[in-house]
Novice: 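Before I ask anything, let me first share the structure, which is written out below as structure tokens.
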Amino acid sequence: MITCPRSSGMGCSGHFLPLQCTLASHALSGLLIYLACLIGSDSHHLDPSTGSAELRLVNGLNRCSGRVEILYDHQWGTVCDDDWSFTNAKVVCRQLGCGEAVSAYSSAHFGQGSGPIWLDNVQCIGTETALSQCQARPLGFSNCDHGEDAGVVCAEGIITETPAQLRLVNGPSQCSGRVEVLHDHHWGTVCDDDWSLSEAMVVCRQLGCGAAVSAPGSAHFGQGSGHIWLDNVNCTGAETVLSECPSRPWGSNDCSHREDAGVVCSDTKTSEHRLVRLMNGSNNCIGRVEVFHDQKWGTVCDDTWDLQDAAVVCRELGCGMAMSAPGSAHFGQGSDPIWQDNVHCIGTESTLEECTLNNWGEHNCGHSEDAGVVCTGTNPLQLRVQDGPGPCAGRVEVLYNATWYGVCDSSWTMLEAKVVCKQLGCGPAESAPIGAQFSQGHDLTLLEGLNCRGTESLLLECQQRNTGPGLCRHGMAAGVVCTEMKDIMHSCSVLSGLLGVVAMLCGILLVMYLGVRCRRQAGRILDKSHVRKMENAGMS
């Protein structure tokens with residue numbers, strides 16, 4: 001709120017009238033809003049002349065998954081996750097020739113980069129062929145740190161090569177020893193550069209040897225001979241086999257066998273003694289979390305339950321990456337004991353038991369607070385819209401077991417449309433059309449059994465136990481119409497223009513009013529001065 005001064009800056013004295021205050025307040029407020037909107041929409045294309053800039057994905061399983069980096073001024077830099085969306089991920093995957101986008105990650109999911117953060121507030125429409133064609137802040141301008149680096153997983157990024165065979169040598173059992181891998185028909189060792197418990201976790205998982213206990217280096221289990229196949233192995237800890245982890249090319253190293261890496265595993269077969277399960281979901285990788293203790297299955301309270309805890313559950317079950325960690329009995333209430341509360345995982349643990357836990361059975365919860373988990377599993381339910389006017393409207397199709405299916409309209413509502421729009425990175429859902437608004441496609445088999453609450457982030461979370469392809473009783477495919485981000489940006493531009501006009505008009509009126517006011521006041525002062533002079537002259 002503006003405080004009116006006792007005198008104006010134009011030489012006028014006296015108080016501002018309420019009208020002056022109102023005009024001044026409207027003028028300043030309008031001007032500030034106008035400038036804020038202009039600054040907020042101060043975006044441009046990275047390279048208008050070519051519409052392209054070199055792009056790569058780093059620290060993922062392969063070239064089609066990882067942290068997004070772009071090359072500018074001969075230097076690689078990262079992209080901030082502000083406004084990062086599935087639509088942006090689609091453009092990245094398209095530019096790299098990596099197929100459809102599977103997911104768009106934030107918060108340095110693939111590790112923190114280094115050097116410049118080249119892009120921030122990237123906003124793609126979804127039809128661009130390169131990320132550099134999308135709207136963004138000017139190059140190098142951001143309010144981020146590398147803890148906010150954006151990442152992407154494309155469809156081809158979840159396709160892995162045949163895993164390299166692995167063994168542990170010269171230890172007390174088959175689950176501890178010097179790490180050796182089979183490549184080009186020859187066994188060789190792994191250098192201990194960057195070797196840590198994360199890599200050991202993957203080795204133990206691949207061998208079925210339970211959790212990693214330690215990751216000794218410096219040829220702890222004796223020096224090997226022959227090839228040193230791997231160096232600078234860098235696992236996140238979530239991989240299923242060591243060959244999925246980024247590393248130097250095969251045989252490229254700066255090591256000797258004095259640096260051979262080793263592993264000690266817990267030597268338990270977790271597949272035979274499973275202590276965690278997911279219940280009441282559509283498959284074994286989605287559902288209510290239950291843990292086994294004292295010969296009974298029980299639930300976990302959702303107090304402090306988050307994505308880090310979910311990541312450990314998914315890893316322990318071999319269910320890929322964690323997509324969400326729903327609470328509030330999202331997958332229904334359990335009926336057995338509530339075994340755990342206030343679970344706190346770092347996110348790198350191999351099993352839930354390695355996390356910080358309360359005493360068994362100690363809690364202040366009811367089953368309405370049962371925790372859940374959604375893992376990617378082997379079927380992440382990719383999503384697209386077809387035969388619509390743009391990337392945010394059309395017939396909904398889902399990739400299920402490597403085949404694209406339309407979605408049956410029998411239970412299709414605005415709740416499902418809301419989740420679809422969210423996953424596509426579009427604006428709010430406008431409608432959930434069924435029938436003839438969009439073409440029906442050529443396949444009469446449609447995906448049935450999706451039922452959303454509207455709060456989910458991914459359609460994956462809406463699967464039910466009966467989800468699968470079937471002959472939809474109505475035989476009609478569901479569609480969606482979402483608000484496109486460009487429409488929202490256009491509305492902001494129009495609003496900013498109107499606010500600017502209002503601000504300028506208020507400013508002009510204020511200046512005119514103050515001018516008239518000051519002239520009148522100056523005239524009165526002159527008149528009073530003249531009268532005093534006349535009176536003084538008469539008295540003299």
Side-chain angles (χ1 to χ4, degrees), residues 59-62 65-66 110 153 157-217 220-221 224 227-251 260-276 284-285 311-322 347-354 375-378:
N59 215 30
L61 301 182
N62 53 38
S65 67
F110 292 101
V153 174
I158 58 175
I159 300 173
T160 59
E161 299 176 354
T162 303
Q165 195 174 339
L166 196 67
R167 70 183 182 186
L168 297 179
V169 178
N170 210 34
S173 73
Q174 64 176 359
C175 290
S176 65
R178 182 178 63 249
V179 181
E180 294 191 355
V181 292
L182 182 66
H183 177 69
D184 197 22
H185 308 292
H186 291 279
W187 286 100
T189 63
V190 177
C191 182
D192 64 6
D193 293 343
D194 297 327
W195 191 253
S196 69
L197 203 62
S198 296
E199 289 72 42
M201 281 195 287
V202 178
V203 170
C204 295
R205 183 177 300 119
Q206 182 173 348
L207 293 174
C209 283
V213 176
S214 62
H220 179 83
F221 294 101
H227 298 283
I228 299 175
W229 279 133
L230 292 176
D231 189 15
N232 296 112
V233 181
N234 188 1
C235 303
T236 64
E239 299 85 355
T240 54
V241 295
L242 192 67
S243 54
E244 292 178 357
C245 302
S247 67
R248 283 194 182 190
W250 289 97
D260 284 344
V263 161
V264 176
C265 307
S266 63
D267 204 12
T268 59
K269 305 293 184 181
T270 55
S271 59
E272 298 172 8
H273 305 284
R274 186 74 72 197
L275 299 177
V276 177
N284 293 334
C285 294
V312 177
V313 172
C314 295
R315 184 178 300 122
E316 182 171 358
L317 294 175
C319 283
M321 293 179 289
T348 57
E349 298 88 349
S350 297
T351 66
L352 201 63
E353 281 190 307
E354 297 174 28
C375 312
T376 57
T378 57

Novice: Closer than 3.5 angstrom, by distance alone: can the side chain of Trp195 be matched with the main-chain N or O of Gly262 as a donor-acceptor pair?
Specialist: yes

Novice: For the atom pair CG (Leu166) and CD (Glu180), what is the distance rounded to the nearest 0.5 Å?
Specialist: 9.5 Å

Novice: Under 30°, 30 to 60°, or over 60°: which ring-plane class applies to Trp250 and Trp229, parallel, tilted or perpendicular?
Specialist: perpendicular

Novice: Quick check: do Val202 and Thr240 have side-chain heavy atoms less than 4.5 Å from each other?
Specialist: no

Novice: How about Cys314 and Cys375 - are their SG atoms less than 2.5 Å from one another?
Specialist: yes

Novice: Would you kindly say whether the two SG atoms, from Cys319 and from Cys285, are closer than 2.5 Å?
Specialist: yes

Novice: For the pair Cys235/Cys245, is the SG to SG distance below 2.5 Å?
Specialist: yes

Novice: Give the intermediate values and the outcome of side-chain contact (heavy atoms from CB on, under 4.5 Å) for residues Asp260 and Val190.
Specialist: CA-CA 6 Å; Asp260 284 344; Val190 177; over 6 Å; no

Novice: Does the Ser266 side chain pair with the main chain of Ala211, one donor and one acceptor, at a distance under 3.5 Å?
Specialist: yes

Novice: List the steps and the verdict of side-chain contact (heavy atoms from CB on, under 4.5 Å) for Asp194 and Asn234.
Specialist: CA-CA 7 Å; Asp194 297 327; Asn234 188 1; 5.6 Å; no

Novice: Identify the two heavy atoms, one from Leu242 and one from Glu199, that lie closest to each other, and give their separation to 0.1 Å.
Specialist: CD1-O, 4.2 Å

Novice: Ignoring hydrogens, what is the shortest heavy-atom contact between Cys204 and Ala212? Give both atom names and the distance.
Specialist: SG-CA, 3.7 Å

Novice: Got a second to check how far Gln165's CD is from Gln206's CD, nearest 0.5 Å?
Specialist: 9.0 Å

Novice: Given 3.5 Å as the limit, does a donor-acceptor pair link the side chain of Arg178 with the main chain of Thr189, or not?
Specialist: no

Novice: I'd like to check Arg205 versus Arg315 (side-chain heavy atoms, cut-off strictly below 4.5 Å). Are they in contact?
Specialist: yes

Novice: Side chains of Asn232 and Asp193 only: does a donor on one sit below 3.5 Å from an acceptor on the other?
Specialist: no

Novice: Any chance you could measure Ser214, atom OG, to His220, atom NE2, to the nearest 0.5 Å?
Specialist: 7.0 Å

Novice: Minimum heavy-atom separation for Val169 to Phe221, with atom names?
Specialist: O-CB, 4.0 Å

Novice: On a heavy-atom basis, which atom in Thr351 and which in Glu316 lie closest, and how many Å separate them?
Specialist: CA-OE1, 3.3 Å

Novice: Once you round to the nearest 0.5 Å, how far does OG1 of Thr348 lie from CE of Met201?
Specialist: 5.0 Å

Novice: Considering non-hydrogen atoms only, spot the tightest contact between Pro246 and Gly60 and give its length.
Specialist: CG-O, 3.2 Å

Novice: For the pair Cys209/Cys175, is the SG to SG distance below 2.5 Å?
Specialist: yes

Novice: Which heavy atom of Gly237 sits nearest a heavy atom of Glu239, and at what distance?
Specialist: N-OE1, 3.0 Å

